[in-house]
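Proteins come first, then strands; the chains are lettered A, B, ... in the order of their sequence lines, and each starts at number 1.
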Number of protein chains: 2
Amino acid sequence: MSKRKQFSNSNLLTLPVFYILLSLTTQERHGYDIMKQVEHDSNGKIKLGAGTLYGAIKRMLEDKLIVEGSSEHARRRYYKLTEKGRSIFNNQLERYNQAVEIARQKNLFAKLALAYV
Amino acid sequence: MSKRKQFSNSNLLTLPVFYILLSLTTQERHGYDIMKQVEHDSNGKIKLGAGTLYGAIKRMLEDKLIVEGSSEHARRRYYKLTEKGRSIFNNQLERYNQAVEIARQKNLFAKLALAYV
DNA sequence: AGAATTATATCACAATGCGATATAATGTCA
DNA sequence: TGACATTATATCGCATTGTGATATAATTCT
């Protein structure tokens with residue numbers, strides 16, 4: 001009953017989810033902190049709106065990619081990676097790394113550098 | 001007047017679109033060829049269904065990320081990158097590269113390597 | 001005290017992904 | 001040649017996710 005994620009590519013992370021997980025790799029964070037960290041890690045390119053953030057958090061909790069952390073605070077709710085979350089994040093990271101390597105082989109970065117001259 | 005893409009993060013590429021563009025960086029390809037190349041480039045991890053592929057192609061044509069290529073063939077329709085498509089792809093590639101670099105700084109790859117021992 | 005910022009949450013609609021399905025040309029090989 | 005697999009494009013409807021707007025309230029700043 002109600003198994004979410006019925007698609008075969010479902011262990012692939014969307015960009016917002018990837019960056020949320022990245023922000024949690026080193027420490028547990030609360031929502032607003034995640035927002036700021038993602039913006040920082042993406043050089044200001046990715047700004048998560050509240051809807052994206054809390055919607056994603058809700059789904060990630062359901063999927064057990066994250067759990068509520070131990071930090072106690074009245075207003076804030078902290079989240080941290082689960083083993084599953086870290087594992088799936090690692091897979092995606094490896095995939096990005098491969099894509100970057102392929103781009104390197106195709107010499108795409110050289111063209112990129114030229115474009116900035 | 002119908003201006004599609006009213007969201008501010010709309011220049012961020014989804015994973016399927018990124019891989020489609022990657023497959024087109026070196027040569028023009030037809031749809032089925034793109035499908036196979038994406039599967040190859042992702043080590044078999046990403047399998048685009050027909051719906052994903054042709055839906056994405058349609059949108060990418062509208063957004064002028066790709067155009068129909070020059071190769072003539074009765075059955076096949078070839079597509080190639082536009083300057084805009086290449087530019088936006090490069091941005092995303094740079095972003096992935098940064099994410100990978102951040103992960104490297106956080107020593108996440110070391111942990112990743114350990115997990116494979 | 002009043003304003004700005006921090007912080008979480010939900011809503012409705014927009015955008016995209018996806019398997020199923022349809023259609024047809026081409027290739028294979030018995 | 002006939003049957004079957006593969007190549008190739010396309011659309012449909014539903015599932016999933018993203019997004020800005022909006023609401024609420026505590027905390028911080030001046």
- [ ] Please determine, for the side chain of B/Phe7, which listed nucleotide (D/dA10, D/dG20, C/dG17) has the closest atom?
- [x]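 In terms of side-chain proximity for B/Phe7, the closest of D/dA10, D/dG20, C/dG17 is D/dG20.
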Task: Listed nucleotide nearest any side-chain atom of A/Arg59, set D/dA15, D/dG18, D/dT11 - done: D/dG18
Answer yes or no: does a side-chain N or O of [X] lie under 4.0 Å from OP1 or OP2 of [N]?
| X | N | answer |
| --- | --- | --- |
| B/Ser8 | D/dG20 | yes |
| A/Lys58 | C/dT10 | yes |
| B/Arg76 | C/dT26 | no |
| A/Asn9 | C/dG17 | no |

Task: Presence of donor-acceptor pair under 3.5 Å, side chain of A/Arg75 and base of C/dT6 - done: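 Pair found.
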Please report, rounded to the nearest Å, how far the [atom2] atom of [N] is from the [atom1] atom of [X].
| X | N | atom1 | atom2 | result |
| --- | --- | --- | --- | --- |
| A/Glu68 | C/dA7 | CD | C1' | 14 Å |
| B/Ile46 | C/dT16 | CD1 | P | 17 Å |
| A/Asp63 | D/dA15 | CG | C1' | 14 Å |
| B/Leu61 | D/dA10 | CG | C1' | 13 Å |
| B/Gln37 | D/dA8 | CD | C1' | 17 Å |
| A/Arg77 | D/dA25 | CZ | C1' | 15 Å |
| B/Asn11 | C/dA15 | CG | P | 14 Å |
| A/Lys36 | C/dA7 | NZ | C1' | 11 Å |

Indicate every side-chain donor-acceptor pair of residues 43-55 of chain A with a distance under 3.5 Å to a residue at least two apart or in another chain.
residue : atom : partner : partner atom : Å
A/Asn43 : ND2  : B/Gln98 : OE1          : 2.9

Open item on the list: On DNA chain C, compare the nucleotides closest to A/Ile57 and B/Thr52; which residue's is nearer the 5' end?
Closed with: A/Ile57
Task: Residue whose closest nucleotide on DNA chain C lies nearer the 5' end, A/Tyr54 versus B/His73 - done: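 Counting from the 5' end, the first nearest nucleotide belongs to A/Tyr54.
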TODO: Dump the intermediate steps for side-chain contact (heavy atoms from CB on, under 4.5 Å) on A/Leu93 and B/Val100, then the final yes or no.
DONE: CA-CA 7 Å; A/Leu93 182 61; B/Val100 167; 4.2 Å; yes
TODO: Can you sort out the partners of A/Arg104 under salt bridge (charged side-chain N to carboxylate O under 4.0 Å, His left out), two or more places apart, ordered by chain and number?
DONE: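 Testing A/Arg104 for salt bridge (charged side-chain N to carboxylate O under 4.0 Å, His left out), a comparison that skips the adjacent residues, returns A/Glu101.
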- [ ] Using heavy atoms and a sub-4.0 Å distance, could you list which residues of residues 12-35 of chain B are near DNA chain D? By number, please.
- [x] B/His30, B/Gly31, B/Tyr32
Open item on the list: Check this for me: B/Glu83, atom CD, are more than 12 non-hydrogen atoms of other residues, nucleotides or ligands nearer than 6.0 Å?
Closed with: no
Task: Straight-line distance of A/Tyr79 OH to A/Ile34 CD1, nearest 0.5 Å - done: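 Spacing of OH (A/Tyr79) from CD1 (A/Ile34) equals 7.5 Å.
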Task: From B/Tyr19 atom OH to A/Ile102 atom CD1, the distance as rounded to the nearest 0.5 Å - done: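 These two atoms lie 6.5 Å from each other.
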Task: B/Tyr78 and B/His30 aromatic ring geometry - parallel, tilted or perpendicular at 30°/60° bounds - done: perpendicular
